[in-house]
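Worksheet for the structure shown next.
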Amino acid sequence: MSILPPPDTGFDLDVPILIVGAGACGLVAALTANDAGAEVLVVEADAAPSGSTALSAGLIPAAGTRFQREAGIEDTPELFAQDIQKKAKGENPQDLVDLLAEKSGTVIEWLADKFDLPFSVVTDFDYPGHSRRRMHGLPTRAGRELIDRLRTACEAQGIDIICNRRATSLFAEGDIVKGVRLEGPNGTEDVGCGTLILACNGYGGNRAMVRKFMPEIENAVWFGHDYNQGDAVTWGEALGAETLHLGAYQSHGNVAHPQGILITWAVITQGGVQVNLNGARFWDESQGYSEAARAVLAQPEGIAWTIFDSRIAGIARQFQDFKDAEAIGAIRTADTLTKLAEVTGLPKDALTQTITRIPTDGPDVFGRSFLGEPLKPPYCAVKVTGALFHTQGGLRVDQDARVCKTDGGVLKNLFAAGGAAVGVSGSGDSGYLSGNGLLAATVLGHIAGSAAANDMKEEHGHA
């Protein structure tokens, strides 16, 4: 049973604010609440904080930051909000889009100023759908660095993070959450809380839910975190919460196979292409990496080769993942197209024809226009497949990240953020604008942490 009445014997431990999940979302929520003077406990099912954040490039889109201004980029939250809605064909709740776009810059600068996270803007290539360069990342451009720095910040603030504790049930009276049952190495523990923040992502790791809500991607490699089992949605629904866009997800069609390493989409945006095992291109790659997964999986054996050149590889090397892929031989190189065909096993004539016919003076047959230089030797290639990264549907939340009920009210002491809440990616995969996942994780995490801390203050103020 996912919702239980509070235990007769009381709780083993009571905390003012309990956060389930220690990815970027949970850690940002913890830092925010702690900064506002509230006491917080973070519980994590895994052996260490990681979540989907650690598997990502760690890039957070934000508008109007000083980092952009220093790079000579003019941007506004309004423009960012327009880009989000345009990619999702207007399917997102406008108030949520505006909220995330408006607060994005504040959160980035707060993390930089308060906790020394050395953000900089990716300035040497564009992400599909973003009309300005607004991707903020740490030096390695890797999510592992983001999660490690957030964890270090939490530890420096004395915030408790308890790992190897999986939340299995919620305790509630009516629609007031009272606590959580945790399963750990020594059995179960019941933790009571004044407020609960769900930062445990979505349900990409739950094959039954994937099959139910997004059957078109059920055969993709699962590239998310195994503990993303849909608990937030299950608990929320049992408490009468409203859900939205449960068929929305972010996938990626550029994961090195069989190595399972994410290859940055910069290899495509800078002029690279994808070909199938017959050496033929099969779609307009400029649409985006989330759509790419379905396009690649529809090809023979669910495989493609991404073809680019050494100039593009130079840009891609700012990403640690790309360097890792090179180090283990996932990136093949060749001085001629004939040799490239040999090292990839692709048919020589078809591959040569495909690459030499890429137009430089207008759109191709798929409608893609190539800007910049044509591909030149030495050439590079990497064998890729499509992967499901994380789901984008979830619990509907208000402007404080409080969970909304189907009857129009809110669950007063239950918050959801990041993948546990509905994102801003519309209803499918094509609405995902690069960075939407970490945008919702960090900004909604910040909002939830702040609102939860304010609740605590008000409660004690009236006591």
Side-chain angles (χ1 to χ4, degrees), residues 21-28 31 44 46-62 67 107-108 111-112 115-127 130 133-155 201 204 221-226 228 250-257 259-270 289-290 306 312-331 382 384 387-390 418-419 432 434-442 445:
C25 178
L27 298 184
V28 168
L31 287 168
E44 167 58 46
D46 210 347
S50 64
S52 296
T53 306
L55 299 166
S56 73
L59 298 177
I60 307 167
F67 302 105
V107 173
I108 288 287
L111 287 170
F115 307 108
D116 288 332
L117 269 68
F119 285 109
S120 62
V121 182
V122 175
T123 55
D124 51 1
F125 66 92
D126 297 309
Y127 279 88
H130 285 283
R133 290 177 169 171
R134 57 171 74 100
M135 286 295 201
H136 294 69
L138 298 172
T140 59
R141 304 289 192 243
R144 171 47 63 192
E145 183 182 7
L146 176 60
I147 207 77
D148 287 346
R149 284 184 182 270
L150 290 172
R151 179 190 186 175
T152 301
C154 285
E155 286 168 354
N201 209 285
V221 172
W222 168 233
F223 205 77
H225 197 263
D226 285 337
N228 295 354
Q250 185 236 322
S251 48
H252 208 299
N254 216 32
V255 172
H257 183 75
Q259 297 86 357
I261 296 176
L262 174 64
I263 304 296
T264 171
W265 201 239
V267 299
I268 296 293
T269 60
Q270 290 302 295
Y289 55 70
S290 189
T306 297
I312 296 171
I315 293 168
R317 280 189 196 104
Q318 67 184 284
F319 292 89
Q320 186 62 44
D321 284 342
F322 187 83
K323 290 194 277 195
D324 292 345
E326 281 190 314
I328 61 169
I331 313 286
V382 57
V384 298
L388 171 61
F389 270 46
H390 52 104
Y432 187 85
S434 302
N436 270 1
L438 276 172
L439 170 71
T442 52

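Throughout, numbering of the chain's residues begins at 1 and tracks the sequence. Keep in mind the model is a prediction, meaning the values are calculated, not measured. Side chains are part of it too, since the values below use all heavy atoms of this structure and drop only hydrogens, waters and symmetry mates.
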With the side chain counted from C-beta on, respond yes when [X] and [Y] share a heavy-atom pair under 4.5 Å apart, and no when they do not.
X      : Y      : answer
Tyr432 : His390 : yes
Asn228 : His225 : yes
Leu150 : Leu117 : yes

Under 3.5 Å: donor-acceptor pair, side chain of Gln259, backbone of Ile261: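 It does not hold such a pair.
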Nearest-0.5 Å distance, [atom1] of residue [X] to [atom2] of residue [Y]:
X      : Y      : atom1 : atom2 : value
Leu146 : Ser56  : CG    : OG    : 7.0 Å
Ile315 : Phe322 : CD1   : CZ    : 10.5 Å
Phe115 : Leu31  : CZ    : CG    : 4.5 Å

Steps toward side chain to side chain donor-acceptor pair (under 3.5 Å) verdict (Arg151, Ser50): CA-CA 9 Å; Arg151 179 190 186 175; Ser50 64; over 6 Å; no
Minimum heavy-atom distance [X]-[Y], with the two atoms named:
X      : Y      : answer
Asp321 : Leu262 : CB-O, 3.3 Å
Ile263 : Ala325 : CD1-CB, 3.7 Å
Ala54  : Arg144 : CB-NH2, 3.6 Å

Parallel, tilted or perpendicular: rings of Trp265 and His252 (30°, 60°):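 Plane angle over 60°, so perpendicular.
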Ring geometry between Phe125 and Tyr127 (parallel below 30°, tilted from 30 to 60°, perpendicular above 60°): tilted
Polar contact flag, side-chain donor to acceptor under 3.5 angstrom, [X]-[Y]:
X      : Y      : value
Gln250 : Ser290 : no
Asn254 : Thr306 : yes
Asp124 : Gln318 : yes
Ser120 : Arg141 : yes

